[in-house]
**Student:** 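Quick one: the structure is below, questions incoming.
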Protein chains: 2
Amino acid sequence: MVELTRKQREIQERTREILRVAKPILLAEGFQALTMDRVASRMEYAKGTIYGHFSNKEEIVLALALEAMRLRQKLFQKAASGTGLARRRIMAIGLASEFYTQRCTEEFQVEQWMRHSNIWDKSSSDRQTLIRNCESSCMQIVSELVREGQAMGDLPTLERMSAEEMVFGLWAITFGSQILTASSPSLSALGIIDPIRSTRIHCCQLLNGFGWQPIHSVEEYLELVDEISAEYLPQFEQIQREYR
Amino acid sequence: MVELTRKQREIQERTREILRVAKPILLAEGFQALTMDRVASRMEYAKGTIYGHFSNKEEIVLALALEAMRLRQKLFQKAASGTGLARRRIMAIGLASEFYTQRCTEEFQVEQWMRHSNIWDKSSSDRQTLIRNCESSCMQIVSELVREGQAMGDLPTLERMSAEEMVFGLWAITFGSQILTASSPSLSALGIIDPIRSTRIHCCQLLNGFGWQPIHSVEEYLELVDEISAEYLPQFEQIQREYR
DNA sequence: GTCAATTATTGACGCTCCGTCAGAATTTAC
DNA sequence: GTAAATTCTGACGGAGCGTCAATAATTGAC
């Protein structure tokens with residue numbers, strides 16, 4: 001387990017190399033342009049060799065997606081481990097998510113490919129499980145903060161409303177906004193000039209709605225977000241650099 | 001334009017027939033199972049004939065999606081044209097959206113396929129435009145209600161927050177929840193027992209957050225939603241029947 | 001009713017990509 | 001040095017796409 005022969009290390013390195021080659025093809029030309037023949041010829045290996053690493057091209061996408069989600073997870077962890085009350089840190093997670101979508105565009109895009117049922121369904125369940133675990137781990141980071149808020153008495157425990165259900169709301173609104181922003185090119189033509197600002201406001205209203213103290217007016221909230229953003233941005237950028 | 005020869009009518013009818021044949025394949029076995037050869041042989045026509053109607057299989061999916069979205073649009077229109085204040089009717093639209101996802105499962109699923117960039121990008125821009133128009137028309141229905149609420153004085157006009165941006169929030173949360181519900185099979189394992197109820201609550205909190213009078217407590221809101229649901233359900237079902 | 005022009009239909013064909021596997025090449029173990 | 005084990009190769013069969021020359025059906029003028 002610990003010790004690997006030179007050959008084994010070479011093979012492991014090649015797995016990474018395949019991903020390095022595949023990623024730009026996927027991002028620049030889409031999934032259908034990502035062919036095994038093409039990857040093989042770019043790597044100067046035969047197709048069969050590539051199949052030794054990934055049993056189909058969908059697996060490559062999921063492998064890329066897992067890498068991407070690990071980055072997301074790290075950003076979330078950093079945000080959750082910051083200073084201040086739980087509500088402040090949950091706002092930081094919102095910013096982490098924003099950062100991921102805005103500044104880790106490629107990783108965000110890879111995640112989108114992963115969600116395509118075509119691709120998802122053709123992958124091995126092992127890889128699917130890895131991704132699910134990573135996703136639920138991201139969610140748990142947020143749920144923990146919600147529970148912390150409840151424990152501290154800042155957030156009233158609503159009856160018939162679990163921590164997870166609150167997270168679901170935040171998750172849905174962030175996720176929904178991001179997908180809509182990414183997939184509707186003419187959002188500004190529809191009257192939505194600054195979707196990021198809108199999303200921030202909507203999250204604020206959700207948190208206020210839960211009764212999470214201290215309640216902020218939208219204006220206060222937006223200012224506070226900017227402040228928190230200034231605090232975390234360098235850290236997020238650091239994580240992004242380490243990842244590359 | 002108005003008068004069609006018998007032949008032209010036959011051809012038009014065949015277009016519909018192709019969609020009738022393609023739909024169950026797409027829904028039951030996915031996009032990759034939807035092959036032109038298969039459609040052709042099921043219809044007992046040659047492949048070339050099918051290509052006379054749709055220049056690739058992606059176009060078939062978009063045609064199906066347009067039909068689906070027209071149904072959604074009708075549901076929205078029905079909800080918007082109901083009785084009561086704008087806020088009540090906007091809640092009805094939420095229910096229309098819920099109905100669409102829950103009870104028009106097939107149409108909802110077709111819409112999901114349409115969003116796959118693989119499929120979207122290979123379709124003609126004409127068809128893309130038709131769909132975009134339908135989508136923005138759905139959105140405008142909601143924006144109108146928001147503006148009505150503002151005009152009536154029930155909904156304060158927040159500065160730097162347009163009607164469309166509010167709609168964006170509602171849209172994002174509904175859309176996000178629905179996608180998450182549809183794509184995360186183990187939502188209940190994550191602690192989200194009743195995503196529909198959660199989504200309703202989140203919408204309530206968003207509306208309250210905007211300051212839309214009358215403000216409802218979550219409990220009141222949920223009761224009211226049930227009441228509105230009872231009123232609209234038969235009408236929605238009627239529309240669904242007419243569509244089939 | 002005939003026949004030429006027009007329009008519609010056909011399915012074989014060329015192409016691309018997938019995933020496999022028998023055999024060649026290389027590495028390892030002794 | 002060599003035999004066994006491992007790794008690598010690329011030709012191959014199969015599936016599906018989209019085309020287009022050939023064939024069939026329809027139309028309408030006489």
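Here the structure is a predicted model, which means the values were calculated and not measured. As a basis for the values below, the full set of heavy atoms in this structure was taken, side chains included, without hydrogen atoms, waters or symmetry mates.
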**Student:** Just how far, in rounded Å, is C1' of D:dA11 from CE of A:Met36?
**Tutor:** 18 Å
**Student:** Atom OH of A:Tyr45 to atom C1' of D:dT7: distance rounded to whole Å?
**Tutor:** 10 Å
**Student:** Among C:dC18, C:dA12, D:dC8, which is the nearest nucleotide to the side chain of A:Arg14?
**Tutor:** D:dC8
**Student:** Check step by step if side-chain hydrogen bond (donor to acceptor under 3.5 Å, both in side chains) holds for A:Glu165 and B:Ser198.
**Tutor:** CA-CA 6 Å; A:Glu165 282 170 309; B:Ser198 298; 3.2 Å; yes
**Student:** Starting from C1' on D:dA15, measure out to CG on A:Asp37 and report it in whole angstrom.
**Tutor:**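 Taking CG of A:Asp37 and C1' of D:dA15, I get 15 Å after rounding.
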**Student:** I need the CD-P distance between A:Gln32 and D:dG18, as an integer number of Å.
**Tutor:**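 In whole Å, D:dG18 P and A:Gln32 CD are 10 Å from each other.
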**Student:** For residues 51-61 of chain B, which residues have at least one heavy atom under 4.0 Å from DNA chain D?
**Tutor:** B:Tyr51, B:Asn56, B:Lys57
**Student:** To the nearest Å, how far apart are A:Glu44 CD and D:dC8 P?
**Tutor:** 15 Å
**Student:** So, the side chain of B:Arg127 versus the backbone of B:Leu62: is there a donor-acceptor pair under 3.5 Å, distance only?
**Tutor:**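 The answer is no, because no donor-acceptor pair under 3.5 Å joins these two groups.
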**Student:** Please state whether the phosphate of C:dC21, meaning OP1 or OP2, lies under 4.0 angstrom from any side-chain nitrogen or oxygen of A:Lys47.
**Tutor:**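 No, outside the criterion.
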**Student:** Among D:dT7, C:dG19, D:dT9, find the nucleotide with the atom closest to the side chain of A:Ile11.
**Tutor:**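 Within the option list, the nearest is D:dT7.
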**Student:** As a test of understanding, state which of B:Glu111, B:Gln109, B:Gln178 forms a side chain to side chain donor-acceptor pair (under 3.5 Å) with B:Thr101.
**Tutor:**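 Among the candidates, only B:Gln178 passes.
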**Student:** Expressed in angstrom and rounded to an integer, what is the separation of B:Ile50 atom CD1 from D:dT19 atom C1'?
**Tutor:** 15 Å
**Student:** What's the CZ-P distance between A:Arg9 and C:dT28, to the nearest Å?
**Tutor:** 11 Å
**Student:** In whole Å, what is the span from the CD atom of A:Glu10 to the C1' atom of D:dC8?
**Tutor:**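 Checked: the CD to C1' distance equals 13 Å.
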**Student:** Does anything in residues 97-118 of chain B pair up under ring-ring contact (aromatic ring centres under 6.0 Å, His included), and if so which pairs, sequence neighbours excluded?
**Tutor:**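 Pairs touching residues 97-118 of chain B that pass the test: A:His116-B:His116, B:Phe99-B:Phe236, B:Trp113-B:His116.
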**Student:** Looking only at atom types and distance, does a side-chain atom of A:Asn56 sit under 3.5 Å from a main-chain N or O of A:Lys122, one as donor and one as acceptor?
**Tutor:** yes
**Student:** Can you name the residues that form a salt bridge (charged side-chain N to carboxylate O under 4.0 Å, His left out) with B:Asp194, not counting sequence neighbours?
**Tutor:**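 For B:Asp194 there are no salt bridge (charged side-chain N to carboxylate O under 4.0 Å, His left out) partners, ignoring immediate neighbours.
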**Student:** Heavy atoms from C-beta onward define the side chain here; which of C:dC18, D:dC8, D:dC17 lies closest to that of A:Thr49?
**Tutor:** D:dC8
**Student:** Counting only N and O atoms by type, is there a donor-acceptor contact under 3.5 Å from the side chain of A:Lys23 to the main-chain atoms of A:Val110?
**Tutor:** no
**Student:** Just to be sure I understand the rule, does A:Leu34 reach a base, reach only the sugar-phosphate, or reach nothing, if contact means heavy atoms closer than 4.0 Å?
**Tutor:** sugar-phosphate
